[in-house]
Structure formats: structure tokens, C-alpha cells
Amino acid sequence: MKALVLERQHELAIRDIDLPGEMGPDDVRIRLHTVGVCGSDVHYYTHGRIGPFVVDKPMVLGHEAAGTVEAVGAGVSALKVGDRVCMEPGVPDSGSRASRLGMYNVDPSVRFWATPPVHGVLTSTVVHPAAFTFRLPDNVSFAEGAMVEPFAVGMQAATKARIAPGDTAVVVGAGPIGIMVALAALAGGCARVVIADLARPKLDIAARYQGVIPVDVSKEDLAARVSALTDGWGADIVFECSGSPRAWEGLIALLRPSGVIVAVGLPLAPVPLDVALLTTKEIRIESVFRYAHQYDRAIALMASGRVDLKPLISATFPFEDSIAAFDRAVEGRPDDVKIQIRMDAA
Ligand code: ZN
């Protein structure tokens with residue numbers, strides 16, 4: 001099968017590669033239609049590794065995917081040939097203790113697309129468990145279907161926050177995930193979401209959504225703005241989506257007593273935390289690793305019209321230009337949110 005293969009750090013190729021294609025009774029085979037380019041795919045390309053995960057042999061990239069079912073295993077009843085679907089890229093061991101407890105996203109044995117040594121889906125077809133494959137309603141496009149994966153991270157963050165109706169949230173970092181978190185927080189009941197960043201173009205994109213208040217932290221003091229908006233009380237929730245150790249310095253000061261910090265971004269270095277301040281305000285800290293049980297509800301929100309992710313798709317490349325798509329993602333244009341690849345020609 002033709003695929004976009006990361007041969008090693010800095011080297012991509014479109015070439016034939018042998019991929020596992022054997023179907024079990026509970027699997028479906030999907031012809032891929034659209035695959036989004038994720039920050040993690042780009043990081044493997046530019047750095048060859050993410051933490052302990054090292055690309056030490058050629059690996060197909062891509063894990064944000066939608067397509068059409070073209071074969072179903074004998075034991076599959078919930079899906080049929082021709083269904084338009086999107087897929088959860090992480091498949092846990094269903095018998096593991098974490099899976100049995102419902103937190104399959106932190107199962108140590110989870111196999112996640114385009115995380116070494118597991119191949120991704122920038123190719124023509126993939127075999128996947130039906131249990132991790134979700135039908136798309138007619139009014140949700142393939143392009144939107146491929147956005148469900150990053151949006152599910154926002155859904156997980158909003159769920160972990162335990163939002164109450166009318167809450168005020170702050171999102172630090174207006175990258176793709178920060179914007180997804182802001183939209184999930186609004187859909188989850190926040191009255192308003194302050195989103196803070198240094199990059200004006202992405203703030204402007206986020207600000208097109210009703211309820212989002214952009215704060216350009218190169219020009220404005222975030223704490224003063226949050227204080228003014230909440231009559232000095234503080235925000236109910238802060239979502240840290242920048243991954244910047246420095247961003248953590250002022251987080252507790254943004255919160256009301258007994259507010260919550262949700263850690264979404266992954267800082268590359270340890271972060272100092274003022275535990276005394278944390279304790280005297282009784283701040284709760286939650287963290288998010290990918291997602292569990294979010295796909296069906298993410299799709300329901302998109303189908304209802306409550307969440308529109310289409311404005312976040314900045315550019316779409318045909319598969320034969322997928323190396324150009326990655327090079328554009330590496331450029332990191334300030335007004336690019338999500339770049340996608342159409343797989344029709346794969
Ligand atoms: Zn992703």
C-alpha cells in the first residue's frame with residue numbers, strides 16, 4: 001500500500017509499504033478519506049521522537065482520520081459496508097485493569113496510531129476494531145470527522161473540569177488544542193471563555209466564536225483582565241494548553257478560591273508550583289491524557305450544530321502533496337490552525 005512514511009527524523013517519503021491487513025471478527029476495514037496533520041506527527045518529523053517514543057524504524061504518520069467502511073468482520077453488527085466513520089486512534093487491551101475501570105486511555109498497553117512502533121493511517125485502508133469506529137451523521141463531513149480526534153481532547157478537558165452552568169474559564173494557549181478546549185468548555189456550559197496567547201492571528205480566529213474573549217498577553221495583563229471580568233473573584237477554571245513552564249507561574253492567581261486547573265499542555269521541563277498558595281485557596285488540579293468515552297458525544301455536538309469546527313481547517317492537500325502539507329505545518333504559519341490531507345488518491 002502507498003503511504004506517507006517517516007523514514008527517519010527530517011525524512012518523509014510517499015512509497016509502498018507492507019502494513020498489517022488481517023481482519024478479526026470484531027474488526028472493520030476502512031478506506032481513508034481525510035487525515036489531519038497533528039502537532040505530534042510534525043514533532044516526530046522534526047525531532048524523531050516524543051519523550052520515550054523514538055522513531056527507530058520507518059513509520060507511517062497520521063492518526064486524525066475519517067473514511068468509509070469497506071468490509072466488516074463476522075461479529076460486527078453496529079457498522080455496515082458504506083458507513084461514513086471516524087476512528088479513535090488508541091486501542092487498549094480490553095482485558096486490562098485500566099480498561100475494566102473505564103480509563104482505557106491510560107492503559108499502559110494502549111496501541112496508538114503513529115506512535116512508535118505503531119503505524120498511522122496516511123495510507124489507503126486500515127483495519128480497526130469496530131468498537132473504536134464511530135458512524136458520522138449525514139450532516140458531519142469527512143473533514144469534520146477527522147477533527148473529532150483533537151476535539152475529543154477538548155471534550156476530555158471540559159469533562160475533567162466538571163463545569164457548572166455559567167462558569168468563567170480561562171484557556172492559556174490558542175493553538176489548535178487550546179481552541180478545541182475553549183469550544184468544548186462553552187458547549188459544556190461555560191458562559192464565557194477567556195483565551196490568552198501571544199499570537200494575534202489565532203486569537204482572532206478563536207474570537208469569531210460567540211462567548212470567546214481573546215486576550216493578547218503581549219499587550220494586556222491577563223490577571224488584571226480576568227479580575228475585572230469577575231469583579232475580583234477570579235475564574236472558575238483555568239485550562240493550561242500552552243505547555244509552557246512559564247505559563248504555570250501565574251495560573252493560581254487567575255482562579256477563584258476552590259477553582260480548578262486542568263493541565264492539557266505537556267511542558268518539556270518540570271514546573272515549580274506554589275503549593276502553599278494552592279492549598280490555602282483549595283485549588284483542584286486535573287490532568288488530561290488523550291481521552292476516553294468522548295467520541296460519541298463529540299460527534300453529537302458537531303451534528304447538533306452547537307460546535308462548528310469547519311472554520312479551523314486552514315488548508316487541505318491531496319495525498320500526493322502530503323510532504324508539502326507537512327512542510328507547511330513545520331512552517332507554523334500564525335493563521336494556520338489545522339491542515340488536512342485528502343486520501344482519495346492514495
Ligand atoms: Zn492529534
Side-chain angles (χ1 to χ4, degrees), residues 3-4 6 12 30 32-47 49-51 53 55 59-67 85-92 104-106 110-116 118-123 126 128 132-134 136 142-158 171 173-184 202 239 241-243 263-266 287-295 298-299 302 307 309-310 312-317 322 325-326 328-330 332 336-343:
L4 181 71
L6 178 62
L12 286 169
I30 301 131
L32 291 148
H33 183 286
T34 300
V35 178
V37 176
C38 181
S40 68
D41 296 311
V42 175
H43 204 269
Y44 283 121
Y45 178 34
T46 54
H47 290 73
R49 66 182 299 154
I50 295 179
F53 297 103
V55 179
M59 178 179 81
V60 178
L61 291 174
H63 64 261
E64 304 180 353
V85 293
C86 66
M87 293 75 80
E88 263 198 71
V91 178
Y104 62 86
N105 55 319
V106 289
V110 70
R111 291 172 53 81
F112 197 95
W113 286 341
T115 302
V118 183
H119 285 299
V121 292
L122 275 158
T123 185
V126 68
H128 201 59
F132 290 85
T133 304
F134 298 82
L136 295 173
F142 287 114
E144 291 170 281
M147 296 289 271
V148 172
E149 198 277 337
F151 185 55
V153 178
M155 295 285 292
Q156 181 84 352
V171 172
I177 292 295
I179 296 176
M180 301 285 176
V181 168
L183 298 183
K202 285 197 183 64
F239 295 98
C241 301
S242 73
V264 184
L266 283 181
S287 59
V288 169
F289 183 63
R290 298 172 180 157
Y291 37 75
H293 314 292
Q294 300 295 348
Y295 261 55
I299 293 167
M302 292 161 75
V307 171
L309 302 178
K310 292 188 290 294
L312 305 179
I313 301 166
S314 312
T316 305
F317 288 71
S322 48
F326 269 79
R328 160 108 169 231
V330 171
D336 275 353
V337 180
K338 179 58 66 182
I339 290 170
Q340 291 189 329
I341 298 174
R342 287 272 305 248
M343 303 308 295

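Counting convention: from 1, in listed order, for ligands and their atoms alike.
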Flag side-chain contact, heavy atom, 4.5 Å: Val121 against Ile30: no
Geometric class of the Tyr104/His293 ring pair [parallel <30°, tilted 30-60°, perpendicular >60°]: perpendicular
Shortest-distance N/O/S atom, His63 versus the Zn ion (ligand 1): NE2
Shortest-distance N, O or S atom of Glu64 relative to the Zn ion (ligand 1): OE2
Under 2.8 Å: N/O/S of Glu149 next to the Zn ion (ligand 1): yes
Plane angle bin for Phe112 and Tyr291 - parallel if under 30°, tilted between 30 and 60°, otherwise perpendicular: tilted
Aromatic plane relationship, His128 with Trp113 - under 30° parallel, 30 to 60° tilted, over 60° perpendicular: tilted
